[in-house]
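I have placed the structure first, in the form of structure tokens, so that the comments after it can refer back to it.
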Amino acid sequence: MPELRMNQAIREALAHEMRADPSVLILGEDVAAADGVFKATEGLLAEFGPLRVRDTPISETAILGAAVGAAMAGMRPVAEIMFVEFLGVALDQIVTQAAKMHYLSAGTFSVPLVVRASAGAGLGFGAQHSQTLETWLLSTPGLKVASPSGPMSAYRLLRAAIRDPNPVVILEPRALYGVRETFDPDSVVVDGLGIARKMRGGDAVTVVALGQMVRLASSAAASVADRWPADLWDLETLLPWDHASILESVRRTGRLIVVEENPSTGGWGTEVVSYLTERAWSSLKAPPVRICCPDTPVPFAGKLERRYLPSETWVADQIKALCTDGRRLTPWWEAYAQ
Amino acid sequence: MPELRMNQAIREALAHEMRADPSVLILGEDVAAADGVFKATEGLLAEFGPLRVRDTPISETAILGAAVGAAMAGMRPVAEIMFVEFLGVALDQIVTQAAKMHYLSAGTFSVPLVVRASAGAGLGFGAQHSQTLETWLLSTPGLKVASPSGPMSAYRLLRAAIRDPNPVVILEPRALYGVRETFDPDSVVVDGLGIARKMRGGDAVTVVALGQMVRLASSAAASVADRWPADLWDLETLLPWDHASILESVRRTGRLIVVEENPSTGGWGTEVVSYLTERAWSSLKAPPVRICCPDTPVPFAGKLERRYLPSETWVADQIKALCTDGRRLTPWWEAYAQ
Amino acid sequence: MITDATQRRALLQSGNLASALDRMVEIRVFEEQVQRLFLKGLIPGTTHTCQGQEAVCVGVASVVRTGDPVLCTYRGHGWALALGLPPVSALGEIMGKTVGCTGGLGGSMHLSDRSVGFWPTIAIIGAQLPIAAGAAIASQIRGDGAVTVAVFGDGAVNIGAFHEALNFAAVSSLPVVFICENNLYGEYSRIDRTTAVSDIASRAAAYNIPGVIVDGQVVDDVRRVAQAAIDRARAGNGPTLIEAKTYRFVGHSRADPAKYRRAGELETWQARDPLKLLAAAIQPEAPDQLIASLRDRWETVMAGVVDTVVAAPEP
Amino acid sequence: MITDATQRRALLQSGNLASALDRMVEIRVFEEQVQRLFLKGLIPGTTHTCQGQEAVCVGVASVVRTGDPVLCTYRGHGWALALGLPPVSALGEIMGKTVGCTGGLGGSMHLSDRSVGFWPTIAIIGAQLPIAAGAAIASQIRGDGAVTVAVFGDGAVNIGAFHEALNFAAVSSLPVVFICENNLYGEYSRIDRTTAVSDIASRAAAYNIPGVIVDGQVVDDVRRVAQAAIDRARAGNGPTLIEAKTYRFVGHSRADPAKYRRAGELETWQARDPLKLLAAAIQPEAPDQLIASLRDRWETVMAGVVDTVVAAPEP
Ligand SMILES: Cc1ncc(C[n+]2csc(CCOP(=O)(O)OP(=O)(O)O)c2C)c(N)n1
Ligand SMILES: Cc1ncc(C[n+]2csc(CCOP(=O)(O)OP(=O)(O)O)c2C)c(N)n1
Ligand SMILES: [Mg+2]
Ligand SMILES: [Mg+2]
């Protein structure tokens with residue numbers, strides 16, 4: 001079985017779908033001749049040629065708009081947006097065009113496009129290149145959004161996304177492109193979007209994480225598993241997220257912790273918390289708790305950036321506090337503000 | 001005391017601040033010679049001249065970028081974006097530029113701009129001109145967001161926003177531009193952003209609403225006030241929202257209903273629900289409940305659009321159900337989906 | 001009366017000038033009905049009608065191959081009818097009825113009919129331009145010979161999407177034709193107050209593609225220029241920017257009285273009413289009578305269409 | 001050594017060619033240090049250095065009035081030093097230290113120093129262009145005589161913000177100068193593969209403003225052209241688009257080996273190294289020696305700067 005970095009896994013998924021379906025094409029800045037800035041499209045130009053693997057100008061609106069048009073015409077474009085922030089100049093094409101065309105055309109058109117965008121902090125790229133920004137997309141009927149937690153996850157999600165008849169945005173934690181995993185791509189079951197992955201079973205507390213927070217939550221959960229075994233979920237698909245699995249879990253454990261990489265106010269975890277609180281109310285034994293980042297831009301300097309992100313200790317301590325006395329820990333910045 | 005429509009109240013607020021402060025300017029499509037598409041800038045060109053009241057090309061990125069630049073240079077621009085959807089082509093300038101410049105410049109620059117954008121459904125404008133889209137903005141440290149519920153509210157918020165040293169987006173429910181209210185602009189206390197307004201006092205349940213949902217929630221609360229008196233709040237400012245007031249209210253009533261005009265998944269109410277659930281856990285007697293719209297684009301046809309929006313009956317019924325037996329009502333579309 | 005969209009389209013494609021005039025009168029009468037219905041409160045939301053601009057949509061529709069993608073704006077009723085949609089389908093949508101082309105989901109700003117290549121019209125200025133480029137990418141990859149047409153107003157040439165789409169289409173030699181209906185106004189602003197050049201076609205140079213100005217009031221000129229651009233695109237030589245100089249005889253939307261017009265401007269353009277010009281070409285001795293007789297017929301038809309739509313159920 | 005930003009700026013503004021060369025060598029040595037430190041793992045994130053392009057920033061900085069807004073990109077180290085920032089302030093920021101110009105909050109892509117009009121550099125392609133237009137609106141309203149300068153790369157001319165900003169500035173006659181550093185590549189793509197025209201300046205016609213091409217390797221040419229554009233803007237005659245033809249002798253960022261270059265291209269441009277050209281103008285008999293002696297001094301200074309920054313606390 002090969003060991004693949006996450007960018008290689010993405011490349012494998014693209015190659016697989018391009019071989020299987022001549023309607024799949026790739027477009028984006030430097031994705032062809034240069035193999036992609038994150039090397040996630042390596043060698044695809046050579047194999048599939050310049051019509052199906054297309055370098056573009058620095059024109060995110062044109063890239064995404066072209067993806068919408070190609071998809072409506074029956075192709076399956078995969079657009080690479082180098083950093084998710086760049087959606088800020090072209091969000092219209094995803095949210096107001098792609099996500100609405102099926103509805104607006106009374107079902108006569110569909111828009112099977114995929115947008116891959118790198119996301120997240122941890123690499124010292126500063127305030128304009130380190131956000132996750134799921135919430136630009138989350139409240140968009142007609143759209144799907146997913147975020148992988150590692151190579152196999154990225155492989156599976158991308159293949160499912162390409163096959164999905166709806167527009168899908170995949171937010172790839174860029175700090176994970178170099179992370180390796182050993183798995184056999186050919187035996188990965190591509191079972192569609194919207195399925196949360198159980199990473200570890202337990203009855204003490206439900207922990208939900210996404211993207212690069214999954215690893216951190218996993219280590220934290222492992223470190224306290226003997227005393228407070230967590231039911232740990234990698235959400236993988238954020239829109240639509242797997243209501244059924246997480247609801248079942250929370251009804252069973254009675255406790256919920258969401259681990260997010262985004263500002264505290266308005267982060268995606270609010271959706272998970274409020275959905276579950278409304279519906280699993282009578283099962284909850286303690287307040288649901290969100291672990292996330294402070295309400296500031298992402299700082300550049302290394303120490304500050306590390307401080308900005310949730311830590312493993314925090315997650316472990318919170319598991320303990322919630323399971324022992326139903327207590328929410330005060331995030332460091334709230335203490336700081338007092 | 002004059003009776004003012006909401007668009008007139010906005011115009012009064014603009015005129016007031018422009019008279020008081022020569023650094024205030026207005027820019028946008030057809031805001032000058034044509035008095036604004038919603039007539040919210042009527043007569044301002046005549047009074048303040050073409051340097052301070054500026055018509056622009058159809059170039060939202062230029063409009064917002066220019067507002068950022070003018071603000072950084074010490075002016076107080078107020079940009080009109082005709083429909084909030086148009087932020088989709090220029091969100092970068094608000095979220096990635098305006099909201100980050102104070103931080104990125106270590107405080108040497110500030111960005112005192114205001115963006116006014118019309119928002120919301122109810123006028124038959126269809127899927128691309130009827131959304132509220134607060135969640136494009138909500139998770140943005142460095143930004144403020146507010147939404148008025150009527151003429152006086154619009155007047156007060158806009159004057160506060162212009163005086164605020166931070167970038168502020170005001171989402172004006174466009175269905176309310178023609179609504180009238182009698183009040184004396186000169187005696188309105190402009191007490192800043194971030195203050196929720198108590199619309200009605202009560203101990204049975206806390207009801208939080210925003211924008212055009214405030215009227216609907218008010219009527220609903222009034223209709224059941226004799227048996228289940230609600231503590232009804234107009235949030236007015238969504239970012240940062242008034243944590244203290246609502247927390248106090250929920251701790252007192254033990255029940256929470258949020259009335260939102262946005263899709264069910266990921267709407268702004270998830271922030272309110274999850275914040276309060278985390279912190280007022282031990283006071284809650286029933287599950288917090290969100291009343292919102294289904295996860296579809298906004299339909300055009302009148303009947304469908306009315307069905308899309310929350311109804312007064314639903315709010316009233318939910319108050320009753322929550323207060324009597326702690327029950328969340330199933331939204332019509334969930335029943336439909338079953 | 002023919003009500004099948006493809007057959008209606010074929011009528012125009014015959015190249016027969018009489019069919020073109022007939023369709024133009026149909027559109028004129030349709031739009032007048034729409035305005036009346038709007039003022040009566042029977043149409044929700046908003047409408048953007050196109051009286052005065054009929055030669056552009058009719059001219060272009062008559063040379064586009066049926067099924068090739070055409071992407072237009074909210075000012076799309078004329079395009080809908082020109083491309084073949086039967087009036088009930090268009091008016092039904094505008095009035096939010098089940099008989100509308102999308103059953104009332106979309107409304108006036110979002111008409112569509114995939115069967116004739118009429119893609120959902122788009123209400124965000126400029127957004128259809130890169131989408132059209134994408135449709136053209138699909139054709140380029142498949143080699144299906146389709147040519148995509150993207151239509152937009154003069155106001156759209158200052159939005160980023162216009163620039164990105166034209167540059168991208170040019171460097172990729174995409175089979176797409178960009179057609180600007182320059183009616184001199186974007187909402188209430190005259191082009192000279194918002195746009196640094198007065199000939200939109202001159203911007204083609206920034207993309208190294210041909211820029212062609214055509215008299216948008218003369219259907220045959222529009223046809224010829226559009227055909228040439230389509231042929232060029234189909235041959236693999238890339239996009240063309242066509243600027244059709246035209247004028248809307250009515251306000252921007254809803255009940256706009258269009259007070260912002262320059263004095264005499266409307267009258268000058270009305271003298272070049274595309275219906276009159278075409279009628280004069282067909283029947284020089286009595287153009288007004290020709291129009292009047294077509295008008296009569298269409299008034300009657302439209303009255304029936306209105307009845308049908310009014311009687312149709314809401315969704 | 002002068003470390004006050006305003007005084008450092010004044011040195012350049014003297015118009016003295018020797019000061020210009022001195023600053024250009026300083027920038028060259030600084031950027032080489034940055035690359036070494038990056039490869040040693042002492043700089044987090046990314047860096048975009050500008051060896052080969054020094055004549056553009058130094059030329060422009062020498063004619064912009066101190067305090068007038070200058071908006072640049074992530075490739076901004078040269079601009080920072082040219083505009084007056086002391087090396088410790090720039091390197092401190094790049095290394096994320098408290099001695100950096102924003103104390104480590106921003107990093108390499110977001111240098112700034114308000115005291116000399118160096119606005120926060122922006123890492124979203126094109127975003128600074130409309131912002132610059134806004135700064136110019138402030139000047140136009142206040143009548144303060146300031147002229148804003150917006151700097152961008154050749155890759156930025158295909159993004160919507162470029163188009164919107166230039167049209168908007170043109171129709172509003174704003175006091176702003178747009179300066180494109182055309183180094184032939186946007187990341188790894190050569191301009192001919194992404195841009196429909198080869199002379200960026202030719203796009204000025206789409207906005208009805210002057211478009212000027214200047215040899216970006218010759219500091220005095222840059223100075224002259226920039227001065228003329230600034231004068232024009234200050235006189236109320238609106239914006240100019242300047243295209244400075246230049247080349248980066250290094251990769252796009254980080255450790256990019258720049259394998260995508262055309263054969264011989266680097267060598268051709270190195271023969272027109274702006275340092276050499278200026279040294280030859282100043283001291284035709286021994287330009288290399290002149291550069292070598294300046295280099296020596298700056299190597300020593302920079303070694304000290306590195307020590308200071310390495311020793312400085314993290315925030
Ligand atoms: C991005 C965006 N900005 C603004 C608008 C509002 N708007 C609708 S129509 C219009 C005028 C467009 O003028 P033009 O392109 O000339 O087309 P015309 O209406 O004349 O056919 C404007 C500004 C919009 N729909 N989308
Ligand atoms: C909107 C946006 N798209 C893409 C990028 C990624 N990016 C960073 S630098 C760069 C190349 C820019 O090239 P150019 O404008 O020529 O400037 P240069 O780097 O050559 O100075 C790209 C594509 C970005 N920062 N912002
Ligand atoms: Mg127009
Ligand atoms: Mg470049």
Side-chain angles (χ1 to χ4, degrees), chain A residues 18 21-29 32 48-77 79 86 88-98 100-113 142 167, chain C residues 67-69 71 93 98 100-107 109-115 117-144 146 148 150 159-172 174 176 207 315:
Chain A
M18 291 188 83
D21 181 351
S23 68
V24 179
L25 70 135
I26 294 178
L27 73 171
E29 294 157 18
F48 301 101
L51 282 180
R52 289 179 67 198
V53 184
R54 308 175 76 109
D55 279 330
T56 68
I58 306 174
S59 308
E60 277 77 9
T61 301
I63 295 169
L64 293 175
V68 175
M72 290 176 71
M75 306 295 288
R76 294 190 173 259
F86 309 162
V89 301
L91 194 63
D92 178 73
Q93 288 293 344
I94 298 178
V95 172
T96 311
Q97 310 307 332
K100 301 209 172 13
M101 283 300 152
H102 187 69
Y103 182 93
L104 277 180
S105 68
T108 55
F109 285 88
S110 42
V111 192
L113 67 80
Chain C
D68 281 9
L71 288 92
E93 191 57 38
T98 48
C101 53
T102 64
L105 294 182
M109 300 205 280
H110 305 293
L111 307 179
S112 69
D113 183 344
R114 187 164 194 173
S115 74
F118 184 45
W119 284 32
T121 63
I122 287 180
I124 302 295
I125 297 293
Q128 73 279 19
L129 278 67
I131 297 178
I137 286 180
S139 297
Q140 193 180 58
I141 294 176
R142 291 194 290 237
D144 60 12
T148 298
I159 194 106
F162 164 85
H163 179 68
E164 296 193 12
L166 268 76
N167 180 68
F168 184 47
V171 291
S172 314
L174 296 178
V176 55
Y207 314 107

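Sequence lines set the chain letters: A, B, ... in the order given, protein chains first and strands last, and positions in each chain run from 1.
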| query | Considering only heavy atoms, which portion of C/I122 lies under 4.5 Å from any heavy atom of chain A: side chain, backbone, both, or neither? | reply | side chain
| task | Would you mind checking which part of C/L174 comes under 4.5 Å of any heavy atom in chain A, side chain (CB onward), backbone (N, CA, C, O), both or neither? | result | side chain
| query | So which heavy atom on C/W119 is nearest to which on A/A73, and how close? | reply | CH2-N, 3.7 Å
| remark: Most heavy-atom pairs under 4.5 Å with chain A, out of C/G106, C/A127, C/S112, C/S172, belong to C/A127
| Approximate separation, where rounding is to 0.5 Å, of C/L71 CG and A/M72 CE | 7.0 Å
| message | With rounding to the nearest 0.5 angstrom, report the CZ to CD1 distance, A/R52 to C/I141. | response | 7.5 Å
| query | To the nearest 0.5 Å, what is the distance between CG (C/D113) and OG (A/S105)? | reply | 11.0 Å
| task | Please state whether the side chain, the backbone, both or neither of A/T108 comes within less than 4.5 Å of a heavy atom of chain C. | result | both
| said: Checking the side chain of C/Q140 only, and the main-chain atoms of A/L51 only, is there a donor and an acceptor separated by less than 3.5 Å? | reply: no
| Going from CZ on A/R54 to CD1 on C/I137, what distance comes out if it is rounded to the nearest 0.5 angstrom? | 4.5 Å
| message | Evaluate A/T61 against C/H163 for side chain to side chain contact (heavy atoms under 4.5 Å, CB included), listing each step before the verdict. | response | CA-CA 10 Å; A/T61 301; C/H163 179 68; over 6 Å; no
| request: Taking the side chain as every heavy atom from C-beta outward, state whether C/V171 and A/P57 have any atom pair closer than 4.5 Å. | output: yes
| said: Can you list everything that forms a ring pair (Phe, Tyr, Trp, His ring centres under 6.0 Å) with A/F48? Sequence neighbours excluded, please. | reply: none
| task | With a 4.5 angstrom heavy-atom cut-off, could you sort out which part of A/L25 is near chain C: side chain, backbone, both or neither? | result | side chain
| Using non-hydrogen atoms only, which part of C/A161 is less than 4.5 Å away from chain A: side chain, backbone, both, or neither? | both
| field | Closest contact, heavy atoms only, A/A62 versus C/E164 | value | N-OE1, 2.9 Å
| Atom pair CG (C/L105) and NZ (A/K100), whose distance is rounded to the nearest 0.5 Å | 13.5 Å
